[in-house]
Protein chains: 2
Amino acid sequence: MDRRQKKTRRAIFAAFTDLLKEESYAKITVQQIIDRADIGRTTFYSHFETKDELLNALCTDIFEHVFSEELSKEKTHDFSRVHDIKSQITHILYHLQEHMDYLPGILSGESEDIFMGYFKNHLQQLFTKVISLSSASAPEDYLLNHMVCDFAETVKWWTKNQSYSPEEICGFFYETIPV
Amino acid sequence: MDRRQKKTRRAIFAAFTDLLKEESYAKITVQQIIDRADIGRTTFYSHFETKDELLNALCTDIFEHVFSEELSKEKTHDFSRVHDIKSQITHILYHLQEHMDYLPGILSGESEDIFMGYFKNHLQQLFTKVISLSSASAPEDYLLNHMVCDFAETVKWWTKNQSYSPEEICGFFYETIPV
DNA sequence: TCAATACAAAACACAGTGTTCTGTTTCTTG
DNA sequence: CAAGAAACAGAACACTGTGTTTTGTATTGA
């Protein structure tokens, strides 16, 4: 990849996340992004087809880091032991905490759908095993949605109300899991 | 109120909910609404300042019916008895079921925020008492968000996956309440 | 009946998107 | 190092949708 491309791409992401700290995704215009990144309009559109695609790329980046090592260790995990699922969740929360400053700008409107789409897909994969061990009588499709949304919405709430540590949030969440 | 006003207002709401059955709120334009309602552009804007205000008016209407009798019976309710909270939830689900055909069109993007804003406000009021009786060790602000989002997201899931009755959904939900 | 007002139709300014053009700079490869 | 390829800037453009304004008509309630 061309050095210029990488530089421009970094500049776009930097400008984008920077703007997200100040206002919500919906209010940010392409014009603002290219002004702050100090690039031309054509340049932006040669990197990303639309503003939404930029957000998609950002989300891919984020969740690649958040879920990468979790998934690679997947085989060695045994969810019947409490420690594993708890440590995974804590890890996820620590990773997300690094992006805390601009996440609120994403978590509303159309951008929330895109972000949550990625997030919930990964969570679904993670919680499916937990559900299968659950003794709750509700059907699995209900329980899976219940857990995935519970965690996703808890994270959303956490970003707007940052008064607890990842360990605390994990503890609260674990307490209400239907096991 | 003028008969013409009421007629026009009804026509706008009818066209709006009708369009919501076909596509999402974000994709619906004012032009489509006034075409289907067979009214002029100026007429629409004399009734509602923006498209968002129309959605707000619709939400107000919906939740007025969904939560009206529940709130009026508030004083006679005793949440320490299982029956009351369960019957309330079932009632809410039955009312929402009447709008099932166009709710999916609202439950995404910016419109979801508006709808959920009303919904969660009412739910917060409803669940605060339940939380105070909970024996869970997590803090109340966490638990309240947990329950409110759980129910709201369950309803959202229900509208997209309509294979259970209000009673069944209520049963599933009640099973995972932290009491 | 008559004044008020709800309405229709069309034109308008505005903002934001995504495209297209013409050059210029920078990289890479032979 | 030279030459072609690719990334870039800048400006203009068409397009869509919003919300406003203007002018004139039809309906209502007093």
Side-chain angles (χ1 to χ4, degrees), chain A residues 1-59 61 105-106 108-115, chain B residues 1-59 61 105-106 108-115:
Chain A
M1 197 179 195
D2 204 305
R3 293 172 202 166
R4 288 169 296 176
Q5 277 195 52
K6 279 194 276 191
K7 189 184 165 192
T8 306
R9 205 180 158 88
R10 267 200 305 272
I12 292 175
F13 275 116
F16 184 45
T17 53
D18 206 45
L19 284 163
L20 280 170
K21 296 171 192 168
E22 296 162 22
E23 50 191 341
S24 67
Y25 175 81
K27 289 182 181 172
I28 294 172
T29 67
V30 175
Q31 194 62 48
Q32 286 176 288
I33 297 171
I34 66 180
D35 283 348
R36 191 162 303 202
D38 198 34
I39 59 167
R41 192 169 191 73
T42 359
T43 308
F44 177 87
Y45 281 106
S46 71
H47 279 263
F48 303 99
E49 273 194 8
T50 66
K51 206 179 70 173
D52 279 2
E53 215 204 87
L54 169 60
L55 179 58
N56 273 283
L58 180 65
C59 290
D61 274 18
I106 296 179
S108 70
E110 339 128 59
S111 49
E112 179 176 349
D113 293 348
I114 294 176
F115 180 89
Chain B
M1 197 179 196
D2 204 305
R3 293 172 201 166
R4 288 170 297 177
Q5 276 195 53
K6 279 194 277 191
K7 189 185 165 191
T8 306
R9 205 181 159 87
R10 266 200 306 270
I12 292 175
F13 275 116
F16 184 44
T17 53
D18 206 44
L19 284 163
L20 279 170
K21 295 172 192 169
E22 296 162 24
E23 52 192 340
S24 67
Y25 175 80
K27 289 182 181 173
I28 294 172
T29 67
V30 174
Q31 194 61 49
Q32 286 177 288
I33 297 172
I34 66 181
D35 282 348
R36 190 162 301 203
D38 197 34
I39 59 166
R41 193 168 190 74
T42 359
T43 307
F44 176 87
Y45 281 106
S46 71
H47 279 263
F48 303 99
E49 273 194 8
T50 65
K51 206 178 72 174
D52 279 2
E53 215 205 88
L54 169 59
L55 178 59
N56 272 285
L58 180 64
C59 290
D61 273 18
I106 297 179
S108 72
E110 339 128 58
S111 49
E112 180 177 347
D113 293 348
I114 294 175
F115 181 88

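By convention in this document, chain letters (A, B, ...) are assigned in the order of the sequence lines, proteins followed by strands, and residues within each chain are numbered from 1.
For the pair I34(B) CD1 and dT18(D) P, the interatomic distance rounds to 9 Å; values are reported in whole Å. In this structure, OH of Y45(B) is placed 13 Å from P of dT21(D), rounded to the nearest angstrom. Nucleotide dA4(C) holds its C1' atom 10 Å from the CG atom of D2(B), rounded to whole Å. Taking atom CD on E110(B) and atom P on dG17(D), their separation rounds to 14 Å, with Å as the unit. When rounded to the nearest whole Å, the span between NE2 of H47(B) and C1' of dT18(D) equals 19 Å. Rounded to whole Å, the distance from CD on E49(A) to P on dG18(C) is 9 Å. To the nearest angstrom, P of dA6(D) lies 17 Å from CZ of R3(A). Rounded to whole angstrom, the span from the CZ atom of R4(B) across to the C1' atom of dA8(C) amounts to 13 Å.
Nearest-nucleotide mapping onto DNA chain C: of T42(A) and V30(A), the residue sitting toward the 5' end is V30(A).
Q32(A) places a side-chain N or O within 3.5 Å of a backbone atom of T29(A) that can act as its donor or acceptor partner.
Remark: T8(A) OG1 to D38(A) CG distance equals 10.5 Å, nearest 0.5 Å. A distance of 9.0 Å separates CG in L58(A) from CZ in F48(A), rounded to the nearest 0.5 Å.
More than 12 heavy atoms of other residues, nucleotides or ligands shown are found within 6.0 angstrom of CD on E53(A).
Relative to the side chain of R41(A), the nucleotides dA6(C), dA9(D), dA12(D) differ in distance, and dA12(D) lies closest.
Taking a 4.0 Å limit (strictly below) on heavy-atom distances, residues 12-26 of chain B does not reach DNA chain D anywhere.
Counting any heavy atom pair closer than 4.0 Å across all strands shown, T29(A) reaches sugar-phosphate atoms only and no base atom. At a threshold of 4.0 angstrom between heavy atoms, the contacts of D38(A) are confined to the sugar-phosphate backbone, with no base atom among them.
Here the shortest heavy-atom pairing between V30(A) and R41(A) reads CG1-NH1, 4.1 Å. In plain terms, the two heavy atoms of L55(B) and S111(B) that are nearest each other are CD2-CB, 3.4 Å.
Salt-bridge formation is not detected for the pair E110(A)/K51(A): no Lys NZ or Arg NE/NH1/NH2 atom is positioned less than 4.0 Å from an Asp or Glu carboxylate oxygen.
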